Amino acid sequence: MLRTVYATRYVLPLREGGSLPAIVEADDLGLYVVKFRGAGQGILALIAELIAGEIGRALGLRVPELVFIDIDPALGRNEPDPEIRQLLRASGSLNIALDYLPGSTMFDPAARDAAASPEASLLVWFDAFVLNVDRTPRNANLLVWHRKLYPIDHGAALFFHHNWPARESKIESPFMEIEHHILMPWANEIQEAARAARSCLTPPLLANIVRQVPDSWLTSIPGGIDPAERRAGYVDFLVRRLAAAPIFEEEAIRARTRLL
Ligand SMILES: Nc1ncnc2c1ncn2[C@@H]1O[C@H](COP(=O)(O)OP(=O)(O)OP(=O)(O)O)[C@@H](O)[C@H]1O
Ligand SMILES: [Mg+2]
């Protein structure tokens, strides 16, 4: 279960992030990178961050701890930047945040960063499963901290939810985008990773993750679908995509063969 913390201080905007994420201090004295519900990407990005992030963690990937962060809209009243004031005003109540990793750097092969094959293979499998297009050389979204890899930023995963009525058509997607994955050069055990991943992700585990998505997020999605129905839709998608895993696994292996 995700913890809930209360924001006490807006520390610093992370300007490189498209969604204007920021470092925020919370009442447990921790520093967090907050994804705001009032940001342009909207609530679906927070839902993806939660569901995909927790699936990654269940698989054994080092996703930084995710927490709900409760924000008082008044937190930003003394911020000089009107864009930040507006963002905080629009982000009252529950947002999502990742534990801030101080001194981490972005994974960069040009700086001789490298990955072990089992971990790279598992990360490729994971990103294909959750349909995450955001782990490319242009935007690795993979932090290196104390020489270990920490996947971040899963807001673009599960993009089927932007076209909810058509989600069935994505269940068996081979996810051709996997060929651009930043860890593809190291991922030479995709089959082994797939076996481990499939035995780890069970339907009850997936349902437990989806259950944590707050009602207040689900009811703020336009379309008026009941939260229970939305959650059932996510679980159904994930369970059936897991059953169809050979389709995206074969594509990932093919993409790697093309690369070599
Ligand atoms: N947990 C963390 N610890 C340290 N730095 C972080 C953490 N999370 C994010 N960052 C830094 O903040 C930047 C923006 O975060 P993130 O990628 O999650 O936001 P985003 O708005 O989705 O970005 P984009 O759309 O540009 O990829 C990252 O590129 C990274 O440099
Ligand atoms: Mg990013």
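Whatever order the structure lists ligands and atoms in, that order sets their numbers, starting from 1. Here the structure is a predicted model, which means the values were calculated and not measured.
- Using a 4.0 Å cut-off to heavy atoms of Ser104, the atoms of ligand 1 that qualify are 4 (C).
- Taking every non-hydrogen atom of Lys35 and a distance limit under 4.0 Å, the qualifying atoms of ligand 1 come out as 16 (P), 18 (O), 19 (O), 22 (O).
- Given atom 7 (C) of ligand 1, the protein heavy atom at minimum distance is Val33 CG2, 3.4 Å.
- In the hydrophobic clustering of this structure, Ile152 groups with Phe107; members are Ile, Leu, Val, Met, Phe, Trp, Tyr whose side-chain heavy atoms approach within less than 4.5 Å, directly or through other members.
- Of all protein heavy atoms, the one closest to atom 12 (O) of ligand 1 is Leu14 CD1, 3.4 Å.
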Checklist entry - Could you go step by step and tell me if Phe126 and His181 meet the ring pair (Phe, Tyr, Trp, His ring centres under 6.0 Å) rule? => result CA-CA 11 Å; Phe126 162 64; His181 197 283; 9.2 Å; no

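- Counting non-hydrogen atoms of other residues, nucleotides and ligands closer than 6.0 Å to CZ of Arg77 gives a total of 12 or fewer.
- With Trp164 as the aromatic partner, Arg230 meets the cation-pi criteria of under 6.0 angstrom to the ring centre and within 45 degrees of the ring axis.
- Other residues, nucleotides and ligands place more than 12 heavy atoms under 6.0 Å from the CD atom of Gln212.
- Residue Asp153 approaches ligand 1 through these ligand atoms, each under 4.0 Å from one of its heavy atoms: 16 (P), 17 (O), 18 (O), 19 (O), 20 (P), 22 (O), 23 (O), 24 (P), 27 (O).
- Nearest to atom 28 (C) of ligand 1 by heavy atom, out of Glu65, Met106, Glu49, is Met106.
- Scanning the protein heavy atoms around atom 21 (O) of ligand 1, the nearest turns out to be Ser19 OG, 2.7 Å.
- Asp153 contributes atom OD2 as its closest N/O/S atom to the Mg ion (ligand 2).
- Residue contacts with ligand 1, taken as heavy atom pairs separated by less than 4.0 Å, involve Leu101 via backbone and side-chain atoms alike.
- Taking a cut-off of under 4.0 Å to the non-hydrogen atoms of Leu143, the atoms of ligand 1 that pass are 2 (C), 3 (N), 4 (C), 5 (N), 6 (C), 7 (C).
- Distances below 4.0 Å separate heavy atoms of Asn141 from the following atoms of ligand 1: 17 (O), 27 (O).
- To the nearest 0.5 Å, atoms CG (Asp28) and CD1 (Ile69) are separated by 8.0 Å.
- Annotation: Asp134 places no N or O atom under 3.5 Å from an N or O atom of ligand 1; distance criterion only.
- Contact annotation: Asn139 places no N, O or S atom under 2.8 Å from the Mg ion (ligand 2).
- Among protein heavy atoms, the minimum distance from atom 9 (C) of ligand 1 is reached at Ile152 CD1, 3.5 Å.
- Looking at Asp153 and Lys35, a side-chain N of the basic residue comes within less than 4.0 Å of a carboxylate O on the acidic one, giving a salt bridge.
- When all heavy atoms are compared, the tightest approach of Met106 to Asp113 is O-OD2, 3.7 Å.
- Scanning all heavy atoms of the two residues, the minimum distance from Tyr150 to Arg62 falls at CD2-O, 3.0 Å.
- Counting protein heavy atoms only, atom 31 (O) of ligand 1 is closest to Glu16 OE2, 3.0 Å.
- With respect to the salt-bridge test (charged N to carboxylate O, under 4.0 angstrom), the residues Arg258 and Glu251 qualify.
- In this structure, the protein non-hydrogen atom closest to atom 26 (O) of ligand 1 is Gly18 N, 3.1 Å.
- Protein heavy atom in closest approach to atom 15 (O) of ligand 1: Pro21 CG, 4.0 Å.
- Taking a cut-off of under 4.0 Å to the non-hydrogen atoms of Asp99, the atoms of ligand 1 that pass are 1 (N), 2 (C).
- Annotation: side chain of Leu123 is in contact with side chain of Leu142 (closest heavy-atom distance under 4.5 Å).
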